[in-house]
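When a ligand or atom number is given, it counts from 1 through the structure's own listing order.
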Amino acid sequence: MRIVKPDEGEVLDIELEEDFLKRNKELAEENRLFLDRHKVRAIDVMGSIGSGKTSLIQLLTSVLGEKFKIGVVAGDLTTSIDAGRLEQKSTQAVQINTGKECHLDASLVKRALQNLDLKEVDIIFIENVGNLICPAEFPLGAHQRLVVVSVTEGPWMVVKHPYIFAQADVVAINKIDLAEAMEVSPQKLIEDVAKINPDAKSIPVSCRQNKGIREVIEALGF
Ligand code: MG
Ligand code: ZN
């Protein structure tokens with residue numbers, strides 16, 4: 001089989017991109033300090049469109065909301081559907097509309113944080129734009145990264161996205177209630193994650209059946 005790969009330096013604008021990523025990293029560090037100063041823990045939630053990020057955050061917020069004050073920041077191109085859904089369970093919700101950008105960056109998150117009353121928040125869930133590729137390159141300053149992947153996305157979602165899984169602290173394998181119908185093995189996805197990132201904790205979840213939620217909370221260390 002013929003495979004085409006770019007040579008070193010062949011990708012257009014690579015220097016520009018490096019500057020840009022460096023600036024993002026600096027801003028992410030500022031966000032982290034800002035969050036720490038306010039004693040707020042932030043979790044960056046990543047996953048494809050339709051993997052169940054919003055549903056999982058809703059369920060996590062229901063349980064954690066008994067003990068903590070929860071804020072949410074939802075990233076989306078143009079809509080505020082997710083922030084609207086999340087607003088019902090959390091104390092504060094901010095929508096970031098990225099326009100054409102397919103990921104959140106530290107600068108957008110910085111602006112979102114300025115729109116939350118952090119004195120009234122203990123935990124922030126940041127729902128990234130639905131995409132498993134470039135969010136991996138843009139740290140936001142969050143303390144942990146939670147990746148959601150569902151069995152309905154097929155058997156190759158983990159192996160095809162090594163960068164995002166390499167950075168995950170916790171991986172929720174969602175929609176396990178549909179695993180048989182999809183003929184996708186949650187156990188195989190868990191093994192794929194372990195090969196890329198032996199430190200990540202993978203948890204089988206069904207948001208629809210409210211299964212695995214407490215295990216995700218425990219894996220996050222609450
Ligand atoms: Mg969503
Ligand atoms: Zn992107």
J.: Considering only N, O or S atoms, which atom of Asp82 is nearest to the Mg ion (ligand 1)?
T.: OD2
J.: Determine which of the N, O or S atoms in Glu127 is closest to the Mg ion (ligand 1) and give its atom name.
T.: OE2
J.: With respect to the Mg ion (ligand 1), please indicate if Ser55 possesses an N, O or S atom at a distance under 2.8 Å.
T.: no
J.: Got a donor-acceptor contact below 3.5 angstrom from the Asn128 side chain to the Val45 backbone?
T.: no
J.: The Zn ion (ligand 2) is nearest to which N, O or S atom of His103?
T.: ND1
J.: Donor-acceptor check, side chain of Asp177 to backbone of Ser206, threshold 3.5 angstrom: yes or no?
T.: no
J.: Counting neighbours of NZ on Lys69 that are heavy atoms of other residues, nucleotides or ligands and sit closer than 6.0 Å, is the number greater than 12?
T.: yes
J.: Using a 6.0 Å distance limit plus a 45 degree cone around the ring axis, check whether Arg41 lies over the aromatic ring of Phe222.
T.: yes
